[in-house]
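The chains referred to below are lettered A, B, ... by the order of the sequence lines, with proteins before strands, and numbering in each begins at 1.
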Amino acid sequence: MNESSNDLPANSLAGTFAERLIAWQAEHGRHDLPWQNTRDAYRIWLSEIMLQQTQVATVIPYYGRFLERFPDVAALASAPQDDVMALWAGLGYYSRARNLHRCAQVVVAEHGGRFPSDPETLATLPGIGRSTAAAIAAFAYDAHAAILDGNVKRVLARVFGIEGFPGTPKIEREMWALAESLLPKSDLPAYTQGMMDLGATLCGRGKPRCGECPFDSDCVAHATGRERVLPTSKPKKVQPERYVDVLVICAHERILFERRPDSGIWGGLWSFPELTPPAGEREVDDASLRERLSAHAAALGARQGVVQSIVPLQGLTHVFTHFRLHLRPWLVTLSGASAARSGDLRHAWFDTAGIAAAGLPSPIRKIADALAAISPDDGQLSLPA
DNA sequence: TATCCGTGGGT
DNA sequence: TACCCAAGGAT
């Protein structure tokens, strides 16, 4: 079947789309990002994973630190997961880091340490979906494969006037077909980079610079004055609120941390032990709350001493994609002569150096940093700043 | 198929 | 301020 027969819009642009994009990329695209100018599939793969749902400027420092610590896939595969998580901390979407680690191990164990060259095989690896597989294959091996990320969706929606939220399966199917029909026969790296560059620079979400665009005269959205409404935005809904009390348990100049389970929010990272209020009992009285806090803290820190004081710290609200989390930290100071070590593998006492090296989610890092600023006199905490 | 999964920047 | 959403994938 001829792929260009039915799925292409009746648009004269279709025949020259790739040529014009490649020419524009050579002249106006980006050529000096840290992960460009290499054919090393490891480096390309690492960048693509970090760039999933994450902007270029955010990724750059993480990418450099990561490569320095893990220069090749073998180094990453043999590293402890905790080291990987610590270098990823702050970047978000932590399942990416766990999948990255697993993927490296699979590449070493099952592919001789070399990334597969075809997109179908790449897409079977952990953390690599259809679009990421196409990007890796195109950049590293010149594969004839289409990407479909946020940039491409925005460009296609505007240039070809595609209505409807691109997150729905129907629109997404249309866009995959269109993206594949537009592929050139050669120059796949330049073409793929061009789609990303156009979407990230001229054809950005906010104010598209249509005057500089190679498709200016052919863009449906521009011709109809719909640059600002295409692509159709995601239907919004009210996000739920969650409340949680966290225990900042301090004893012997150390703080107790709890490793979060792999599944769920902040999976695999270190956080403070938490106390989720019973549903519908948000407004429990202060005394009973303190009683529960104290009991929980005493149970966790039993071998470190007895609860000496409980002091509320500055709370904060963290906004996630699908809910808002209200964090209420309590500083619990234990007193006692014990110098016992931490108990189980899920818990660990960190001093300031340990905190600095640990993989902490951003809001938890923020609370920890604020703690270090508390002087011993007014905070009853003797951690050095 | 819809939901879950972070964080930071832009408007 | 509040909202949108980024080089998406897994379940």
Side-chain angles (χ1 to χ4, degrees), chain A residues 29-30 33-36 44-63 85 88-100 102-103 122-136 138-139 146-155 165-173 175-176 179 189 192-201 203-208 228-229 231-240 242 260-269 271 316-325 359-366:
Chain A
R30 297 172 293 185
L33 295 171
W35 41 86
Q36 291 183 298
I44 293 166
W45 162 70
L46 177 62
S47 75
E48 291 302 329
I49 302 300
M50 285 189 164
L51 287 161
Q52 287 170 357
Q53 299 296 102
T54 310
Q55 296 183 7
V56 166
T58 305
V59 165
I60 286 176
Y62 285 87
Y63 184 75
M85 299 311 294
W88 199 277
L91 199 51
Y93 284 134
Y94 298 101
S95 65
R96 290 186 297 172
R98 297 192 303 276
N99 285 330
L100 187 89
R102 280 203 297 142
C103 182
L122 281 168
T124 66
L125 296 170
I128 301 180
R130 182 174 173 181
S131 185
T132 298
I136 297 169
F139 286 134
I147 63 167
L148 187 62
D149 59 17
N151 290 315
V152 178
K153 286 176 176 176
R154 189 167 49 253
V155 170
F165 174 53
T168 65
K170 176 173 177 292
I171 304 298
E172 192 154 312
R173 273 196 305 273
M175 288 189 165
W176 272 117
T192 304
Q193 190 64 50
M195 290 296 273
M196 294 172 169
D197 289 348
L198 188 64
T201 59
C203 199
R205 186 172 66 91
K207 297 176 182 173
R228 294 302 298 268
V229 297
T232 305
S233 58
K234 180 189 177 84
K236 58 178 170 183
K237 55 182 180 181
V238 180
Q239 300 295 358
R242 295 187 194 174
R260 300 187 60 86
D262 274 355
S263 64
I265 204 86
W266 298 334
L269 271 65
S271 184
L316 60 87
T317 297
H318 194 70
V319 181
F320 290 88
T321 310
H322 48 301
F323 64 92
R324 294 161 56 89
L325 179 68
L360 308 184
S362 287
I364 301 301
R365 167 72 62 195
K366 196 176 295 183

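Within the nucleic acid shown, A:Gly204 has no heavy atom closer than 4.0 Å to any nucleic acid atom. A:Pro363 comes within contact range of the sugar-phosphate backbone alone, with a heavy-atom separation under 4.0 Å but no base atom that close. No engagement by A:Lys207 is indicated, since no non-hydrogen atom pair under 4.0 Å with the nucleic acid exists. Heavy atoms of A:Val152 sit nowhere under 4.0 angstrom from any nucleic acid atom. Within the nucleic acid shown, A:Leu125 comes within 4.0 Å of sugar-phosphate atoms alone, with no base atom in reach, counting heavy atoms only. Among the atoms of the strands shown, base atoms are found under 4.0 Å from some heavy atom of A:Thr54. Nucleic acid contact for A:Leu91: base, since at least one base atom lies under 4.0 Å from a heavy atom of the residue. Among the atoms of the strands shown, only primed sugar atoms or phosphate atoms (P, OP1, OP2) are found under 4.0 Å from some heavy atom of A:Gly264. As judged by a 4.0 angstrom heavy-atom cut-off over every strand, A:Trp35 is placed among the base-contacting residues. Using a 4.0 Å heavy-atom cutoff across all strands shown, A:Thr168 reaches no nucleic acid atom at all.
Distances from the side chain of A:His322 to the nucleotides B:dC4, C:dA6, B:dG8 place B:dC4 closest. Taking every side-chain heavy atom of A:His318 into account, B:dT7 is the closest of C:dA7, C:dA10, B:dT7. Ranking C:dA7, B:dG8, B:dT3 by closeness to the A:Lys237 side chain, first place goes to B:dT3. Set against C:dA7, C:dC3, C:dA6, the side chain of A:Val56 has C:dA7 as its closest nucleotide. Checking C:dA7, C:dC5, C:dG9 against every side-chain atom of A:Gln52, the shortest atom distance belongs to C:dG9. Across C:dG8, B:dG6, C:dC5, the shortest atom-to-atom separation from the side chain of A:Ser131 is found for C:dG8. Side chain of A:Asp149, nearest nucleotide from C:dG8, C:dC3, B:dG6: C:dG8. Closest to the side chain of A:Lys236, from the set B:dA2, C:dC4, B:dT7, is C:dC4. Side-chain proximity of A:Tyr93 to the nucleotides C:dC5, C:dA7, C:dG8 is greatest for C:dG8. Listed nucleotides C:dG9, C:dA7, B:dG6 differ in distance to A:Thr132; the shortest reach to its side chain belongs to C:dG9.
By the 4.5 Å heavy-atom criterion applied to side chains, A:Trp45 and A:Ile128 are counted as neighbours. For the pair A:Thr58/A:Tyr63, no side-chain contact is recorded, criterion being any heavy-atom separation below 4.5 Å from C-beta on.
For the pair A:Leu100 CG and B:dC5 P, the computed distance is 20 Å after rounding to whole Å. In this structure, CH2 of A:Trp88 is placed 12 Å from P of B:dG6, rounded to the nearest angstrom. The separation between A:Glu172 atom CD and C:dG8 atom P is 11 Å, rounded to whole Å. In this structure, the CZ atom of A:Arg228 is 12 Å from the P atom of C:dC5, given to the nearest Å. The distance from atom CD1 of A:Ile49 to atom C1' of B:dG6 is 16 Å, rounded to the nearest whole Å. In this structure, the CD atom of A:Gln239 is 16 Å from the P atom of B:dA2, given to the nearest Å. Distance CE (A:Met195) to P (C:dA7): 13 Å, rounded to an integer number of Å. The nearest whole Å value for the distance from the CZ atom in A:Arg324 to the C1' atom in C:dA2 is 9 Å.
A:Arg154 has a side-chain polar atom (N or O) that falls below the 4.0 Å cut-off from OP1 or OP2 of C:dA7. Taking only side-chain nitrogens and oxygens, A:Ser95 never comes nearer than 4.0 Å to OP1 or OP2 of C:dA10. Taking side-chain N and O atoms only, A:Arg98 has no distance below 4.0 Å to OP1 or OP2 of B:dC5. Side-chain N/O atoms of A:Thr321 include none lying less than 4.0 angstrom from OP1 or OP2 on C:dC5. A sub-4.0 Å separation between OP1 or OP2 of B:dT7 and a side-chain N or O of A:Tyr62 is absent. In this structure, A:Lys170 does not reach the B:dT1 phosphate: none of its side-chain N or O atoms is under 4.0 Å from OP1 or OP2. The phosphate of C:dG8 (OP1 or OP2) has a side-chain N or O of A:Gln53 nearer than 4.0 angstrom. OP1 or OP2 of B:dT7 has at least one side-chain nitrogen or oxygen of A:Trp266 nearer than 4.0 Å.
Comparing the C1' positions of C:dG9 and B:dG9 gives a spacing of 23 Å, expressed to the nearest Å. For B:dT3 and C:dC4, the P atoms lie 16 Å apart once the distance is rounded to whole Å. Rounded to a whole angstrom, the distance from the C1' atom of B:dT1 to that of C:dT11 is 11 Å. Using C1' as the reference atom, C:dA6 and B:dG6 are 12 Å apart when rounded to the nearest Å.
No donor-acceptor distance shorter than 3.5 angstrom exists from the side chain of A:Arg365 to the backbone of A:Ala89, with no hydrogens or angles considered.
Mapping A:Gly206 and A:Phe320 onto DNA chain B via the closest heavy atom, the residue that lands nearer the 5' end is A:Phe320. When each of A:Arg173 and A:Ile265 is assigned the nucleotide of DNA chain B with its nearest heavy atom, A:Arg173 is the one assigned upstream, toward the 5' end. Between A:Gln55 and A:Ala123, the residue whose closest nucleotide on DNA chain C is further toward the 5' end is A:Gln55.
In this structure, A:Met85 and A:Gly268 approach most closely via the heavy-atom pair CG-O, 4.0 Å. Heavy-atom minimum distance, A:Gly127 versus A:Gln52: O-NE2, 3.3 Å. The two residues A:Arg154 and A:Gly199 come nearest to each other via the heavy atoms NH2-O, 2.6 Å. Between A:Val155 and A:Met195, the shortest heavy-atom contact is CG2-O, 4.4 Å.
Partner of A:Trp266 under the ring-ring contact (aromatic ring centres under 6.0 Å, His included) criterion, out of A:Tyr93, A:Phe320, A:Tyr94, A:Trp88: A:Phe320 alone.
Side-chain to base pairing of A:Arg205 with C:dC5: no donor and acceptor N or O lie closer than 3.5 Å to each other.
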Go through the steps for A:Arg96 and A:Asn99 under the test side-chain hydrogen bond (donor to acceptor under 3.5 Å, both in side chains), then give the verdict. CA-CA 5 Å; A:Arg96 290 186 297 172; A:Asn99 285 330; over 6 Å; no
